[in-house]
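Structure first, commentary second.
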Amino acid sequence: MKTVSRLIRSPEGLAGLILLALPIAAAIFANVLFPADPLSIAGPALVPPFSDPAFPLGTDRLGRDVLAGLVHGARASLAVGLAAALVALAIGSLVGTVAGLAGGLADEVLMRVVEAFQIVPGLLLALAFVSVLGASLPVVVLAIALGAWTGPARLARAEVLSIRERDYVASARVIGMHPAEIAFREVLPNALPPVLALSSVIVAGAVLIEAALSFLGLGDPNTVTWGAMIAEGRNVLRSAPYLSIIPGIGLVITVLGVYFFAEGLNNALAVRGIRS
Amino acid sequence: MSLPIAILHGLSVRYRAGGVAHAALSSVNLEILEGERLAIIGESGSGKSTLALALASLLPENAVQGGVISWPGLGREPVAGRDIGFIFQDASASLNPVLTIGEQIAEVVRRHKGLGWRAALAEAQELLAKLRIPRSEQVLRSFPHQFSGGQRQRIAIAAAIAAGPKLLIADEPTSALDTIVQAEIIRLLNQLVREAGTTLVFITHDIALASGFADRIAVFHQSRLVETGEARRLLTDPKENYTRRLIESSIDLTTPSMVAS
Amino acid sequence: MSSIPVLLIVIVGTFFLLELAPGDAVDAYLVTIGGGDPALVQALRESYGLDQSALVRLWVYLTSLAHLDLGWSVQFGRPIRDLILERLPNTMWLMGAALALSFTLGSLLGIIAGARPGSVFDRFFSIGSLALYAVPSFWLGLVLIIIFAVQLRWLPTSGIETIASGKTGLARAIDITRHLVLPVSALGLIYLALFLRMMRAGMAETWRQDFVLAARAKGLARRRIVLRHVARNALLPLVTMLGLQAAAMLGGSVVIESVFAIPGFGRLAQEAVAGRDAPLLIGIIIVSAVLVLIINLLVDIAYALLDPRVGASEGRA
């Protein structure tokens, strides 16, 4: 609770929570606010924003409601971002823990694999992955996670290597606990907190990569995404620039919210660290 | 009798941390005489290092200073580096790891003597020779990590005395070193300040070490100055109980000191 | 030299990833020419070796790679090596310029912000850079186009140079520079924010070091303390960051090339995806991995030059 109140009192933390409240509320209430399919034609084409009360943010080339797209896009953005971060953290902690505990050749091989993933641009890898398996939400999530799991893996391994030498692990070994049991009951729970601290940065990165992929036309074609909206608006960039600008603002608010939130959380946790 | 180089009137220092302040020095009155070797003795937390930092105006931002330090011997406020040289406890931390030894000594000469780099480096080389560091020309181009702890501390001393300061403050300069190197450094330091007539304020927790060369000793305990006096008198006839305990608890004073006085 | 096995993992991994794709280059080719009879299909497969098993083809691929042969692009009807070498310079210009801009300006502003930790300047740069870092580069690119190319008409909207302008020498260089201003800004500004934040954090960390206190005790000018003692040390983690970001930056230039229609490496990747040209995509991924390795090698050299402790510790070990 102390951490939460400190988070709210720090300017960054508060700003982050306020910024994030917008896309989160949009994602939760998207179907209530705009029950119709956001990809369906709702009115005349290219209505400018703030000119028609029925379409506060205007309509696109095909007469689709921009505000409805923005609200539904928040859902895709957050869902993909969170899911990809979760998968990346899961893969990363698992690989890092195994590498750290096993040591020797297994560690060596796993770390070379981590390096291999690090030298391939994440976006190119995602591009290849989606083009091979076809664009659908689970594939996009996995494609993004493939480029984001190496950070957690390295950190988890480093944590495990230091925890491995501590007393409670030694005593677990002495009482004859199975290595797998030691790994999951003693080591992993202690190695996780610092790895989880990475999660906000990974979520932000995942949201940005998802946007880039759908901007390049590799998102799920049946889902509204901000990246796809920006790409769609590009066709009329000269006559209707708002179509590309508006969804981008949604992206900036979301990512900035995550960064501020992370910064506030770091400060709040750091203060606690000093006090204790 | 010349004027004291510095007089501390009711000097207090408090450190603020998270809304609370704790006292590191409480109303200290002390004179530092011109040309003397004054040892400041105390346990950790006695405020002796804070005294050193306050003298050199190096207190951290969260420190609140009360009282006055006046400088009658100088007749003006001291200039860091030129009037006061400072030697830190651990030279492996007080020397910049990515700059050459030459640059780190010559920058002091350049700043305070207004020389160009070439002339400043030549002076730096002389200083290194004075501190008995062999192959001084090569040393100028080397980096701190290439030297042993004792050599590093000599280099740090060379930088501290580079501008010929009247006052040299040494904050536990040998506590990170082994005893033999420690004795060499003290002997060298002692010789340097004698030759140049420099005032030396030597901060240490080691009363035996201080007794070897100090003219006067000031004993600190829990942020206060407990007792001060001429070294021999204070060691043989301490006025305060704390001083007596300190002397008794220090290892056998009768063993011949490794430092010749 | 751990980079050889790492590169091998990249090659084999990419090879098998693209094996998962339904259909091959011949199928994709047939779609573009509107189908063909089974005899032709068979002949095409044989001529590209696609009738062999995956392991055989991997072996053939690896041996040709050893001769720096990246294979043949069915889509373009040209050797993949030629295609990549033709497109690579544009990407290198874009990335190099963005990197130079973001690193110099980012570290410079980071020094200004970190010179007085906690000052108004510092707070402003800290929050400003965080906000900038949250902006997707491709969207920033579009916004820059809207402002500077569409509204103000100062700069061209797309391409790497004016097509068929007949310009040569200096005129052509100026033309290319004008085309690069917006894409380089779009890519570079994001990394500028990152380097600024890193530099600022490094400066704050270095201020707490003993040698900075020693520099103050020496009575050095504040300018010298900030630049020579604090910034010089804070630069070290920044150089490391440069290597870590190389891959992400290459990925970023893929999207920026798409926004500004720059015929570079990234556009080629997109075209490979669109044309289901698996060998081309593998080639691009391998070359980009090699590129990242080379950048990291250069970063290591730069680091060793900046930090005298590096060579020594290796010598001792």
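Residue numbers begin at 1 in each chain, while the letters A, B, ... track the order of the sequences.
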Under a 4.5 Å heavy-atom cut-off, does chain C meet the side chain of [X], its backbone, both or neither?
X        : result
B:Ala159 : side chain
B:Gln104 : both
B:Val79  : neither

Can you tell me if [X] has over 12 outside heavy atoms packed within less than 6.0 Å of its [atom1]?
X        : atom1 : answer
B:Arg152 : CZ    : yes
B:Glu137 : CD    : no
C:Arg123 : CZ    : no
B:Arg76  : CZ    : yes

What are the residues of [range], in order of number, with any heavy atom under 4.5 angstrom from a heavy atom of chain B?
range                       : value
residues 232-252 of chain C : C:Arg232, C:Asn233, C:Leu236
residues 195-211 of chain C : C:Asp210, C:Phe211
residues 92-109 of chain C  : none

Worksheet item: Short question: side chain of B:Arg111, backbone of C:Gly219 - any donor-acceptor pair under 3.5 Å?
Response: yes

Worksheet item: Between C:Ala214 and B:Ser94, which heavy-atom pair has the shortest distance, and what is it?
Response: CB-O, 3.4 Å

Practice prompt. Please report the shortest heavy-atom distance between C:Pro308 and B:Pro97, naming the atom on each side.
Written response: CG-O, 3.5 Å

Worksheet entry | Toward chain B, the part of C:Ala215 with a non-hydrogen atom under 4.5 Å | neither

Practice prompt. Among the options B:Asn96, B:Asp90, B:Leu99, pick out the one with the most heavy-atom pairs lying under 4.5 Å from chain C.
Written response: B:Asn96

Name the atoms and distances for all side-chain donor-acceptor pairs under 3.5 Å in residues 52-72 of chain B, with sequence neighbours left out.
from: B:Asn62; atom 1: ND2; to: B:Arg16; atom 2: O; distance (Å): 3.0
from: B:Ser70; atom 1: OG; to: B:His9; atom 2: NE2; distance (Å): 3.4

Discussion item. If I take atom NZ from residue C:Lys218 and atom CD from residue B:Glu107, how far apart are they, to the nearest 0.5 angstrom?
Written reply: 4.0 Å

Practice prompt. May I ask you to decide whether B:Glu103 forms a salt bridge with C:Arg228, counting only side-chain N to carboxylate O separations under 4.0 Å?
Written response: yes

